[in-house]
Structures are given as structure tokens and as C-alpha cells.
Colleague: 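Here it is: the structure, laid out below.
All values reported here derive from a predicted model rather than from experimental measurement.
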Protein chains: 2
Amino acid sequence: MVQRRYHHGNLRAALLDQAQRTVRERGVAELSLRELAREVGVSHAAPRRHFPDRQALLDALAEAGFERLGTELRAAVASAGEGFEARLQATAAAYIRFAIGDAELLELMFAGKHRESAGTLVEAADRAFTVLFELIAQGQAEGALEPGDPERVGLVLFATVKGIAALVTGSMVAADQLDWLVPDAIAHFLRGSRMAAVQQN
Amino acid sequence: MVQRRYHHGNLRAALLDQAQRTVRERGVAELSLRELAREVGVSHAAPRRHFPDRQALLDALAEAGFERLGTELRAAVASAGEGFEARLQATAAAYIRFAIGDAELLELMFAGKHRESAGTLVEAADRAFTVLFELIAQGQAEGALEPGDPERVGLVLFATVKGIAALVTGSMVAADQLDWLVPDAIAHFLRGSRMAAVQQN
DNA sequence: ACCTGAACACCGTTCAAGT
DNA sequence: ACCTGAACACCGTTCAAGT
């Protein structure tokens, strides 16, 4: 046991790590700073050095969440070949995997974005979403999507994917239906886009 | 002041009413049974007669939410003329209005659905969504939507609307963009459906 | 039937004090 | 620089007791 002087500088990381697990397994409502401190082996006041209050911990959790989400989205794009639709399918699946595996964390991430202290959190979110805009741009270049601001063109598509994830976490849809629902939804969306492209020519 | 014997049978209603306001104005996390009791003028143990614990209050809140959502969706359909697309637009707008005006309540409603005690809550949800399935069926009858199980055909459409609301409450989209975003998304979806209908013939 | 008041275990937050 | 221990106000939940 390396109990003595365990925390030389990783208390913050240990707290975040345990907090992330608790949020995933028992939800944000069950997350208690005192219990966290107990689990990690410090006094209940120690976390205060790293997180002034509970909200600061939640913000840090959200920020770490965006970092991880970005990483997973980039990995999905990278492992899906060159074509737009394949990449889009892989990215949507990765997003939904995250949204379902860490549903409450994702809520935290988006809830945090519209609060005052959001500065660094918004930046983390932007980094995570960059890969999506690049993907949209590729779709436009291939003629699969309407031209225009990628952020605007991708919005409805993103909303659809996000909504599907919400239906699963809200148990309106069983998780095993995702296999056809997501490809279906994306194919449906792209059909609508091709129609629009035709009409614009 | 009719302070004496104020609560003859409306304590439950008074608690729910005040709770709904608090959730809307300050969020679920800020909702305290003791504060609620104080605001409504009873001792902190009185609510227990009506709601055994905090979760029971949240469930009741969710159930009342579904009742109200159903009412508003039906009103939207009724006030939108006879055509499918007009009714769909009106219904989507009503849903989004609810989702934005009572974002945390809506979370509560969907979160409650996948818990054990959900019995009566699921029924309330089903009643609220009935109007949506009827609307989908009308769309199919008019040839605007693919044939098939309305619950399945409407799923992606519902996900899109729900996702758009989530983008607004997550402040990824400004509320004033809804005016074009929602009609756009629906029109886009219907384009994709018409393509599919053509291909099936 | 419905409500009160005291009690218990827990929490977030603060702060003087230790090393 | 980082952590501890005591203290304060608050909370959810329980329960005997009142009317």
C-alpha cells in the first residue's frame, strides 16, 4: 500500500476519475463531494483546493467529457475509410455510443455550456465539434449535402442524431433498434438533401 | 387571510404547483421538499402524506407534465387546419415550445419513464403521444410519409424535433433561429419521405 | 385523515490550524 | 502548497404524538 503521500499532484485527476464513474453508474444527483473525498482517501475539505465548489467539479467533468467525445469522434472518422456516407455513419454511431454510455455526463456537458463560467468549456466543446464540421464540408464537396455554412447545414442532421440518442436514453426506443434506426435516419436525411440539390440546379 | 385550515385536500395540488414553478425557474437540483413545505405553509413532514419521498414528487410532476404536453399538442393540431404538413408544423412548434419553456421538467418526464415505478407515468406518456401517431397516420394517408407502423415511421421525425429542442436548451442554437430551423427540418424530412415513396412505387 | 416537532444521518461550504 | 478537523446551515427521512 502506497498510502502515505498518495496525492502529490494527482488528487484532481483521482477525483475527476472517480466522479466520472459515479456519474455514469449512479447519476449526477448521487454525486457527493464528501463521498468522493472518502473514496479517494482524503478529508472532505481537500477537494476544495482543486474544485472551489460542487459546480466547479461538474464543469471540469463536462470539459473532460468534451475532450473524450472529440477523441472518439475523430477516431470514428479515421477508421471509416474515405467516403462521406461511411464516415458519417461511423461518426453518428460513435456519438450515440457516447450519448448512451454517458448519458448524464452528456447532459452535464450541454447544460454547462449555457452558464456564465463557460469560457474554457465552450472551447472544449468547439474542439470536439470541429471534426463534425469538417465532415459536413466533405459531404458538401461530394455533393451529398446542400452547399452553405457547414454549421447551418449540419444542424438538422446533428439534431436528428442527438434526438435518436435521447429516445434511447428516455427508453422510447430499445438500444437494439439503433442498428437500423441510425442508418435509416441518415439515409433518409441524405435523400432529402439530394432532392434539394436537384431543385437548386 | 384564510390561513386556518387552508389545506382541506389541495395540499397535494399546491405542492405540485409550487414544485413545477421551482423546477422551471431554478431547476430540479434546487427543488427541496422542506422549502416547498415552507412556501406552501405546512410543516416539513406534511408533504409526506402525499409524496412518500422526493422521487414520488418528481414522478407526480412528470405525470402532470405529460398531461399538459398532451393537451398542448392536441390544441396545436386542432388549431392548424386540415392539412397534414400544417398540422405537423404546428405540432412540432408546440412540442418545442414546451421543451424550451419546461426543459428540466421534460427531462424529468423522460427520465422517469425508464424507472421501475413508472406504471402510471408510462400511461400518461402514451396518452400524450397518441395525437402524434394519429398525425403520422394522416400523413401516410395523404402520401406524404412512407407506409408502415406509424410509431416506427414517426420515430426519426420525432427524434429530429426533440434534437432541435435539445440544441436550443443546450444553447447550440439561438431560440430565434427556430423560426426557420423547424420548418426547414420538417420540409427536409418530408422531401426524403417523398423520394422513398417514389422508389417504392 | 392530516399535520406537527423532535431526532438522525447526511450534505456543501467555510475557516483556522497544521505540515 | 496541500490537507485536516471543527463548525454552520441545510437537507431527506422517520416516527411518536397531537387534533
Colleague: With a cut-off of 3.5 Å and sequence neighbours excluded, list every side-chain donor-acceptor pair involving residues 38-45 of chain A.
Modeller:
unit_1: A:Glu39; atom_1: OE1; unit_2: A:Gln18; atom_2: NE2; d: 3.2
unit_1: A:Ser43; atom_1: OG; unit_2: A:Ala45; atom_2: N; d: 3.4

Colleague: Tell me which pairs pass side-chain hydrogen bond (donor to acceptor under 3.5 Å, both in side chains) where either residue lies in residues 71-81 of chain A, with sequence neighbours left out.
Modeller: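 Listed by first then second residue: A:Arg68-A:Glu72.
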Colleague: With sequence neighbours excluded, tell me which residues meet side-chain hydrogen bond (donor to acceptor under 3.5 Å, both in side chains) with A:Asp17.
Modeller: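 Result, side-chain hydrogen bond (donor to acceptor under 3.5 Å, both in side chains) vs A:Asp17: A:Arg21.
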Colleague: Quickly work out the B:Arg54 CZ to D:dG12 P distance and round it to whole Å.
Modeller: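 So the CZ-P distance, B:Arg54 to D:dG12, works out to 6 Å.
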Colleague: Taking only residues two or more places apart in sequence, or in another chain, which ones meet B:Arg26 in a salt bridge (charged side-chain N to carboxylate O under 4.0 Å, His left out)?
Modeller: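 Here the qualifying residues are B:Glu35.
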Colleague: Starting at atom CZ of A:Arg48, determine the distance to atom P of D:dC2, rounded to an integer number of angstrom.
Modeller: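 Spelled out: CZ on A:Arg48 to P on D:dC2 is 15 Å.
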Colleague: Using whole Å, what does the distance between atom P of nucleotide D:dC11 and atom CD of B:Gln55 come to?
Modeller: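 From B:Gln55 CD to D:dC11 P: 18 Å.
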Colleague: Going by the rule side chain to side chain contact (heavy atoms under 4.5 Å, CB included), which residues pair with A:Ala80 if we only count those two or more places apart in sequence or in a different chain?
Modeller: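 With sequence neighbours excluded, A:Ala80 shows a side chain to side chain contact (heavy atoms under 4.5 Å, CB included) to A:Arg87, A:Ala90, given in chain and number order.
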Colleague: With sequence neighbours excluded, what pairs up with B:Leu155 under the side chain to side chain contact (heavy atoms under 4.5 Å, CB included) test?
Modeller: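 B:Leu155 satisfies side chain to side chain contact (heavy atoms under 4.5 Å, CB included) with A:Leu167, A:Val173, A:Leu181 once adjacent residues are dropped.
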Colleague: So which one's nearest nucleotide on DNA chain C is more toward 5', A:Glu35 or B:His50?
Modeller: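 Looking at DNA chain C, the more 5' nearest nucleotide goes with B:His50.
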Colleague: Specify the separation, in whole Å, of atom CG of B:Leu36 and atom P of D:dT13.
Modeller: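 In whole Å, D:dT13 P and B:Leu36 CG are 13 Å from each other.
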Colleague: To the nearest angstrom, how far is A:Phe51 atom CZ from C:dT13 atom P?
Modeller: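 Rounding to the nearest Å, CZ of A:Phe51 and P of C:dT13 are 13 Å apart.
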Colleague: Kindly write out the residues that satisfy side chain to side chain contact (heavy atoms under 4.5 Å, CB included) with A:Glu67, not counting sequence neighbours, or none if the list is empty.
Modeller: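 Only A:Ala124, A:Arg127 meet the side chain to side chain contact (heavy atoms under 4.5 Å, CB included) criterion with A:Glu67.
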Colleague: Ring pair (Phe, Tyr, Trp, His ring centres under 6.0 Å): which pairs involve residues 130-173 of chain B, sequence neighbours left out?
Modeller: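 Qualifying pairs, neighbours excluded: B:Tyr95-B:Phe158, B:Phe129-B:Phe158.
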Colleague: Give the intermediate values and the outcome of side chain to side chain donor-acceptor pair (under 3.5 Å) for residues B:Gln138 and B:Glu134.
Modeller: CA-CA 6 Å; B:Gln138 179 186 359; B:Glu134 293 170 353; over 6 Å; no
Colleague: Charged N to carboxylate O under 4.0 angstrom, B:Asp102 versus B:Arg97?
Modeller: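 Judged by the 4.0 Å cut-off on N to carboxylate O distance, B:Asp102 and B:Arg97 do not form a salt bridge.
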Colleague: In whole Å, I'd like the distance from the CG atom of A:Leu15 to the C1' atom of D:dC3.
Modeller: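 Going from CG in A:Leu15 over to C1' in D:dC3 covers 12 Å.
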Colleague: Tell me every residue that passes side chain to side chain contact (heavy atoms under 4.5 Å, CB included) with A:Gln140, counting only those two or more places apart in sequence or in another chain.
Modeller: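 A:Ile136, A:Ala137, A:Leu145, A:Pro150, A:Val153.
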Colleague: Does A:Arg38 place a side-chain N or O at less than 4.0 Å from the phosphate oxygens OP1/OP2 of C:dC11?
Modeller: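 Checking C:dC11 against A:Arg38, a side-chain N or O does come within under 4.0 Å of OP1 or OP2.
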Colleague: One character per nucleotide, please: for nucleotides 4-9 of chain C, 5' to 3', B when the base has a protein heavy atom closer than 4.0 Å, S when only the sugar-phosphate does, - otherwise.
Modeller: BBBB--
Colleague: Over how many whole Å does the gap from A:Arg12 atom CZ to D:dA1 atom C1' extend?
Modeller: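 Rounded to the whole Å, the gap is 16 Å.
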Colleague: For DNA chain D, what dot-bracket results from Watson-Crick or G-U pairs at under 3.5 Å, with [ ] for crossers and | for inter-strand partners?
Modeller: ||.|||||...|||||.||
Colleague: Going by number, which of residues 22-32 of chain A have a non-hydrogen atom under 4.0 Å from DNA chain C?
Modeller: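 Close to the strand are A:Leu31, A:Ser32.
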